[in-house]
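A quick write-up on the structure given underneath.
Scope of the values below: all heavy atoms of this structure, side chains included, with no hydrogens, waters or symmetry mates. Within every chain, numbering begins at 1; the chains are lettered A, B, ... in the order of the sequence lines, protein sequences first and strands thereafter. Keep in mind it's a predicted model, so treat the numbers as computed, not measured.
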Number of protein chains: 2
Amino acid sequence: MSDRDYLGEFEHIIVLALLRLEDRAYGVTVRQEIERRTNREVSIGAIYATLDRLEAKGYVKSRRGDPTPERGGRSKRFFRVTAKGMTAVNRTHRALHRMTEGLDLIRSYS
Amino acid sequence: MSDRDYLGEFEHIIVLALLRLEDRAYGVTVRQEIERRTNREVSIGAIYATLDRLEAKGYVKSRRGDPTPERGGRSKRFFRVTAKGMTAVNRTHRALHRMTEGLDLIRSYS
DNA sequence: ACATTATCTATACAATATAGAGTAAATGCT
DNA sequence: AGCATTTACTCTATATTGTATAGATAATGT
């Protein structure tokens, strides 16, 4: 909860998905984005549980969307990363980067 | 446990520390390396618990070292990353990289 | 042998990750 | 209106990971 915390592995992935999706980020698209980019199958329950936790910590914020003119479907809950969330991703990245730099055994991040 | 798993956030940091320390990696040096590079304080218990878990999963292996000619001190338990461990770090990196690429909001890894 | 130093082990608890079933909201059709 | 269909979210339960604290072990010098 403190401002020194790092994002968990999956929290990290989810925040990155939100950043990529910008204003199109809600449960279903977040799941798709992750599955497409990483070939990792994730349950929808895992997505929401993590989004809720991130929101409780103030790293993301959600708002209810208006219904779309599609065939049906409940209205969406859109998510965006807060400034505090951005700080947390950057802190996490920085730590990973500091631990990785100079290591050539590893496929580099860049 | 399966060969599709990703490293948790702290597991990841620890494996990277082992890779950096090469043959000097044991509890105390792992802790120092992490604290120095990331300014993150970690308890020694956290380190060992994670190392044990990583060993149980086959990502690292440990061996008992001989006593050194220092003032005292129990003999060390050295750790190294296994091939399976390397695969796991790389899988984790790849996922992170795929989720990060193209995002300029974020301080890049490279 | 005992005090000192360094390191590791055991245990317990909190936070995070995951799955799956169930519920809700919207639309189109009859 | 009532109901089926579609899309999306919520709830509950459990497993795994992350963390701290306290205590046990092993080696050395006096």
Side-chain angles (χ1 to χ4, degrees), chain A residues 1-2 4-15 17 21 24-35 38 40-57 59-60 62-79 88 92 95, chain B residues 1-2 4-15 17 21 24-32 34-35 38 40-60 62-79 88 92 95:
Chain A
M1 216 52 150
S2 120
R4 292 250 139 271
D5 287 343
Y6 296 85
L7 297 176
E9 189 272 336
F10 194 53
E11 291 179 331
H12 192 176
I13 296 284
I14 292 225
V15 169
L21 292 164
R24 310 182 302 291
Y26 66 99
V28 175
T29 52
V30 168
R31 181 191 202 180
Q32 286 171 350
E33 183 74 7
I34 294 172
E35 295 196 337
T38 68
R40 169 185 193 167
E41 265 187 35
V42 286
S43 73
I44 190 68
I47 301 280
Y48 287 113
T50 306
L51 283 169
D52 286 342
R53 188 161 5 97
L54 288 169
E55 184 162 39
K57 290 195 279 197
Y59 292 160
V60 311
S62 70
R63 68 182 171 77
R64 199 51 75 168
D66 297 323
T68 48
E70 281 152 30
R71 165 65 180 82
R74 181 174 183 172
S75 63
K76 303 166 174 55
R77 188 174 154 211
F78 288 104
F79 292 85
T92 303
Chain B
M1 215 54 149
S2 120
R4 292 251 139 272
D5 286 342
Y6 296 84
L7 297 176
E9 189 273 337
F10 193 54
E11 291 179 330
H12 191 175
I13 295 284
I14 291 222
V15 169
L21 292 163
R24 312 181 299 289
Y26 64 99
V28 173
T29 52
V30 168
R31 181 191 202 180
Q32 286 171 350
I34 293 172
E35 295 196 337
T38 69
R40 169 185 192 165
E41 266 187 34
V42 286
S43 72
I44 190 68
I47 302 279
Y48 287 114
T50 305
L51 284 168
D52 285 343
R53 214 175 17 238
L54 287 169
E55 183 161 40
K57 291 196 278 196
Y59 292 160
V60 312
S62 70
R63 68 183 170 76
R64 197 53 73 171
D66 298 323
T68 50
E70 281 151 34
R71 166 66 181 81
R74 181 174 184 174
S75 64
K76 302 168 175 57
R77 187 174 154 212
F78 289 102
F79 291 86
T92 303

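Atom CD1 in A/Ile14 sits roughly 9 Å away from atom P in C/dT18 (whole-Å rounding). D/dT21 atom C1' lies 15 Å from atom CD of B/Glu41, rounded to whole Å. Counting to the nearest Å, the C1' atom of D/dT19 and the CG atom of A/Asp5 are 12 Å from each other. For the pair B/His12 NE2 and C/dT16 C1', the interatomic distance rounds to 17 Å; values are reported in whole Å. In this structure, A/Glu35 places its CD atom 13 Å from C1' of C/dA19, rounding to the nearest Å. One interatomic measurement links the two molecules: OH of B/Tyr26 to P of D/dA26, which rounds to 18 Å at whole-angstrom precision. Across the protein-nucleic acid pair, B/Glu11 atom CD and D/dG18 atom P stand 4 Å apart, rounded to whole Å.
Nearest nucleotide to the side chain of A/Ala46, out of C/dT18, C/dT9, C/dT16: C/dT18. Of the candidates C/dT18, D/dT17, C/dA24, the closest approach to any side-chain atom of B/Lys57 belongs to D/dT17. Comparing atom distances between the B/Arg53 side chain and each of C/dA17, D/dG18, C/dT7 picks out D/dG18 as nearest. Nearest to the side chain of A/Thr50, among C/dT18, D/dA20, D/dT17, sits C/dT18. Here the nucleotide nearest the side chain of A/Arg64, chosen from D/dT19, D/dT10, D/dT17, is D/dT10. Closest to the side chain of A/Ser43, out of C/dT9, D/dT17, C/dT18, is C/dT18.
Where A/Tyr6 and B/Ala49 each meet DNA chain C at their nearest nucleotide, the meeting point lying more 5' is that of B/Ala49.
Here A/Arg31 lies out of heavy-atom contact (under 4.0 Å) with every strand. Within 4.0 Å (heavy atoms only), B/Gly45 reaches at least one base atom of the nucleic acid.
Considering only side-chain N and O atoms, A/Arg74 lies nowhere under 4.0 angstrom from the phosphate OP1 or OP2 of C/dT27.
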